[in-house]
Amino acid sequence: MRLRLFNTLTRSLEPFEPLEHGRAGVYACGPTIYDHAHVGNFRSFVFYDLVHRYLEWKGYDVRFVMNLTDVDDKTIRAAVAEGKTISEYTEPFAQAILEEADALGIRRADRYPRATAYVDEMIALVERLLEKGHAYRTDDGSVFFDITSFPEYGKLSRKNLDEARRGERVSEDEYGKDDVRDFALWKASKPEDREAGAAWPAPWGEGRPGWHLECSAMSLAEVGETLDIHLGGEDLVFPHHEDEIAQSEGATGKPFVRYWLHVRHLRFADEKMSKSRGNTVTVQDLLEQGVDPAALRHQLLSAHYRSELAFGREGLEGSGRAVQRLIDFRDRVEEVHTDPSAAISGIGGKAEEALERFEGALADDLNVPGGLGALFSFVSEGNGILDRKGDRVPPEEAERVLEVLGSMDEVLGLLEVAGQSRTVDAETRHWIEDRIGEREEARRSKDFSRADAIRDELAERGIVLEDSSRGTRWKHVGTRPLVG
RNA sequence: GGCGCCGUGGCCAAGUGGUAAGGCAGAGGACUGCAAAUCCUCGAUCCCCGGUUCGAAUCCGGGCGGCGCCUCCA
């Protein structure tokens, strides 16, 4: 099945054809690291990861780069307030974000370039734009992009800036540009910039790069002149990505991006958790509160990336249960009694059908909810078959089911993350098994109140017992249930 | 004001012309010492009104309601 993607540039679904067959160059707009990333940011990062995983799953040789913006107004202000340089200030946030990304099963990008490490490249890019007449210098040593020099300006966001803004006065605005619609490539230094170590020498004067410039420079340096896919949040369409196009295409004369993908923002379903209300919910907060990372990942994947996602406690609970259902099924198949002489049960065939549906959904503009539907339909069918067959199937069928589940999880990463967060060390394992032994004794002597007490004791630690004719098995159901 | 999006069972959420995937929650049943897990059964006039069509949640028009972007927020 051929992948089709919704390209923001054309506002339509297009078959994915990378510039070079079998290879995919992807650049994702990462966070500004002046604070902890919140769940909304991570909706994007998890989606980026999905793109990354999907392309690798389909066999592409993927070059995946996500930037970390470590210089901008907020960063400088915050660093100065704490008496730090921007790198001292931002680095802990960069580390935190990468750790949280690990916790959520986000595959590492090939590179995480910091803007401040690419100032030379950015200066070179500005020089090219000046040479080509796309940019101009102002008296204070700033450089602006001249929008009128790039007739296609507005093609991504479909804005007609002529009418919208022309009448406005060139304001008292910070750097004195010719036209309000122009955007900064280079901002002349201010005292606080120097204080924070955010000032670099350039041919036209000391200053710091404009926001948009870094992405053009870093994607050019790390991926190439033409990106196959550029990812970002919906808010970045304008002006950020519009400006990137102007800069990059203005400088190289080549198409900047073949497919633009934008992730819709999430909406907080219950509490007012949005950052703008000063009530940030960071991933760090959630993990510290005991939210299961696999549940979080599931919820962030539960809506199509171009739809608004309702994020909230209730959804997280539901996601946790859904993930557990998946784990239980996988474990059940792993423990199934394989019997070479057993008749074909049909579970292998159902797995095959599910994989096909899954692939079809993902190929259709990365429809993860559709893919999850295929997966969970199969879980139901599979459980039904195993019930009817008494958990006895031919080995090749059991293997095939596990292969299919594993294959889907290469894209979804749910079992993978659940595995990370549910590990139990050997000592605890022994303790659990001892307790189960005690409980077995109690049950044999019909001392059910004692047996139930032991079961409750384990449950408080997230260990759930399941009795069956073959004995008692236990499982770790992840982090503690949510409070409040 | 400009551009754009959305409104599917209690909640979340696929489906964009052929008569409604999936998850969570809920009810009943099977299994269990009781549970847990699992299975079976049950639940949707797809916001409203018109229109196009043999046929619409899906296309068109109107209405009501919610939301995003319009210079540094993923």
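We name chains A, B, ... by the order of the sequence lines, and we start the count at 1 in each one. Atom set for the values below is all heavy atoms of this structure, side chains included, hydrogens, waters and symmetry mates excluded.
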* Asked: If you look at every strand shown and take non-hydrogen atoms under 4.0 Å, does A:E466 touch a base, only sugar-phosphate, or nothing?
  -> base
* Got a donor-acceptor pair under 3.5 Å from the side chain of A:R455 to the base of B:C34? -> yes
* Structure fact -> A:R43 CZ to B:A74 C1', in whole Å, measures 10 Å
* To do: With a 3.5 angstrom cut-off on both distances, give the Watson-Crick or G-U wobble partner of B:A56, or none if there isn't one.
  => none
* Asked: Touch check for A:G315, heavy atoms < 4.0 angstrom, all strands: base, sugar-phosphate only, or nothing?
  -> nothing
* Side chain of A:Y89, backbone of A:Y34: donor and acceptor closer than 3.5 Å? -> yes
* Asked: So which nucleotide from B:A37, B:C73, B:C34 ends up closest to the side chain of A:D452?
  -> B:C34
* Between atom CZ in A:F311 and atom C1' in B:C11, what is the gap in whole Å? -> 15 Å
* Which part of the nucleic acid, if any, lies within contact of A:L386, taking any heavy atom under 4.0 Å across all strands shown: a base, the sugar-phosphate backbone alone, or nothing? -> nothing
* B:C39 P sits how many Å from A:D391 CG, rounded? -> 12 Å
* Asked: Would you say B:C73 has OP1 or OP2 under 4.0 Å from some side-chain N or O of A:T32?
  -> no
* To do: Counting heavy atoms from C-beta on, name the nucleotide in B:A37, B:A14, B:C73 closest to the side chain of A:S307.
  => B:A14
Check nucleotides 3-8 of chain B against the protein and report each pair of N or O atoms closer than 3.5 Å, with its distance, or say if there are none.
| unit_1 | atom_1 | unit_2 | atom_2 | d |
| --- | --- | --- | --- | --- |
| B:C5 | O2' | A:R264 | NH1 | 3.3 |

* For the side chain of A:R443 and the backbone of A:D452, is there at least one donor-acceptor N/O pair under 3.5 Å apart? -> no
* To do: Can you figure out which of B:U71, B:A74, B:U38 approaches the side chain of A:H38 most closely?
  => B:A74
* Go through B:A35, B:C70, B:A74 for me and flag the one nearest to the A:D467 side chain. => B:A35
* **Span that lies between the P atom of B:G18 and that of B:G23, in whole angstrom** => 23 Å
* Whole angstrom value for the distance that separates P of B:A74 from NE2 of A:H230 -> 13 Å
* To do: Apply the side chain to side chain donor-acceptor pair (under 3.5 Å) test between A:D328 and each candidate in A:R325, A:Q324, A:R330; give the one that qualifies.
  => A:Q324
* **P spacing across the pair B:C59 / B:U8, given as an integer number of angstrom** => 15 Å
* Asked: Any chance CZ of A:R306 has more than 12 other-residue heavy atoms, nucleotides or ligands included, within less than 6.0 Å?
  -> yes
* Sort out the partner of B:G61 for me: Watson-Crick or G-U wobble, both distances under 3.5 Å, none otherwise. => B:C49
* Between A:H304 and B:A13, do the rings stack, that is, sit under 5.5 Å apart with planes less than 30° off each other? -> no
* Check for a donor-acceptor pair, side chain of A:R158 on one end and backbone N or O of A:L9 on the other, with a separation under 3.5 Å. => yes
* For A:L465, report the nucleic acid contact type (base, sugar-phosphate, nothing); a contact means any heavy atom under 4.0 Å. => base
* Structure fact -> In whole angstroms, the gap separating C1' of B:A37 from CG of A:N383 amounts to 9 Å
* Only one of A:F42, A:F93, A:F45 clears side-chain contact (heavy atoms from CB on, under 4.5 Å) with A:P31; which? -> A:F45
* To do: Please work out if A:D235 contacts a base, only the sugar-phosphate, or nothing of the nucleic acid, heavy-atom cut-off 4.0 Å.
  => base
* Between the side-chain atoms of A:N41 and the base atoms of B:C73, is any donor-acceptor pair under 3.5 Å? -> no
* Please state the C1' separation for the pair B:U45 and B:A56 - nearest whole angstrom. => 14 Å
* Asked: Which nucleotide, B:C12, B:A37, B:G33, lies nearest any side-chain atom of A:A310?
  -> B:C12
* Asked: Does A:N367 place a side-chain N or O at less than 4.0 Å from the phosphate oxygens OP1/OP2 of B:A14?
  -> no
* Structure fact -> Answer for the Watson-Crick or wobble partner of B:G68, both distances under 3.5 Å, is B:C3
* Quick one: which of A:Y27, A:W260, A:W211, A:F256 gives a ring pair (Phe, Tyr, Trp, His ring centres under 6.0 Å) with A:H241? -> A:W260
* To do: Provide, to the nearest angstrom, the distance between the CG atom belonging to A:D35 and the P atom belonging to B:A74.
  => 10 Å
* Spacing of the P atoms in B:G43 and B:G10 (rounded, Å) -> 14 Å
* To do: Specify the separation, in whole Å, of atom CG of A:L309 and atom P of B:C11.
  => 16 Å
* Pairwise P distance, B:A30 and B:A35 [rounded to whole Å] -> 12 Å
* Asked: Is there a Watson-Crick or G-U wobble partner for B:A44 with both distances under 3.5 Å, and if so, which one is it?
  -> none
* Asked: What is the nucleic acid contact for A:V263, judged by heavy atoms within less than 4.0 Å: base, sugar-phosphate only, or nothing?
  -> nothing
* Ignoring hydrogens and angles, tell me if any N or O in the side chain of A:D70 forms a donor-acceptor pair with the backbone of A:T116 under 3.5 Å. => yes
* **Euclidean distance for C1', B:G62 against B:G26 (whole angstrom)** => 39 Å
* Asked: Whole Å only: how far is the CD atom of A:E381 from the P atom of B:U38?
  -> 15 Å
* Is it the case that A:T282 and A:D285 place a side-chain donor and acceptor less than 3.5 Å from each other? -> yes
* **Contact state string [nucleotides 16-31 of chain B, B base, S sugar-phosphate only, - no protein heavy atom under 4.0 Å]** => -----BSSSS------
* To do: May I ask which nucleotide in the shown strands pairs with B:A37, Watson-Crick or G-U wobble, both distances under 3.5 Å?
  => none
* Give a yes or no on whether the backbone of A:A442 and the side-chain of A:S445 come within a donor-acceptor separation of less than 3.5 Å. => yes
* **Most 5' of A:G233 and A:Y305 on RNA chain B, judged by nearest nucleotide** => A:Y305
* Compute the centroid of each ring, for A:F378 and then for A:F329, and state whether the two points are separated by less than 6.0 Å. => yes
* Asked: So, do A:M218 and A:P113 sit near enough that their side-chain heavy atoms are less than 4.5 Å apart?
  -> yes
* To do: May I ask you to verify if any side-chain N or O of A:K187 is less than 4.0 angstrom from the OP1 or OP2 atom of B:C72?
  => no
* To do: Pick base, sugar-phosphate or nothing for A:K475, based on heavy-atom distances below 4.0 Å to the nucleic acid.
  => sugar-phosphate
* Name the one of A:R332, A:H337, A:R470 that satisfies side chain to side chain donor-acceptor pair (under 3.5 Å) with A:D391? -> A:R332
* Structure fact -> Of A:R332 and A:V71, the one whose closest nucleotide on RNA chain B sits nearer the 5' end is A:R332
* Under 4.0 angstrom, heavy atoms only, what part of the nucleic acid is A:G320 near: base, sugar-phosphate, or nothing? -> nothing
* Just checking A:R330: base, sugar-phosphate only, or nothing, at a heavy-atom cut-off of under 4.0 Å? -> nothing
* **Rounded C1' spacing from B:A21 to B:U16 in Å** => 15 Å
* To do: Report yes or no: does A:R439 contribute a side-chain atom to a donor-acceptor pair with the main-chain N or O of A:A451 at less than 3.5 Å?
  => yes
* Determine which nucleotide pairs with B:G17, using a 3.5 Å limit on both distances of a Watson-Crick or G-U wobble pair. => none
* **Nearest-angstrom distance, C1' atom, B:U19 to B:A44** => 14 Å
* To do: Would you classify A:Q299 as touching base, sugar-phosphate or nothing, given that sugar-phosphate means primed atoms plus P, OP1 and OP2, and contacts are heavy atoms under 4.0 Å?
  => nothing
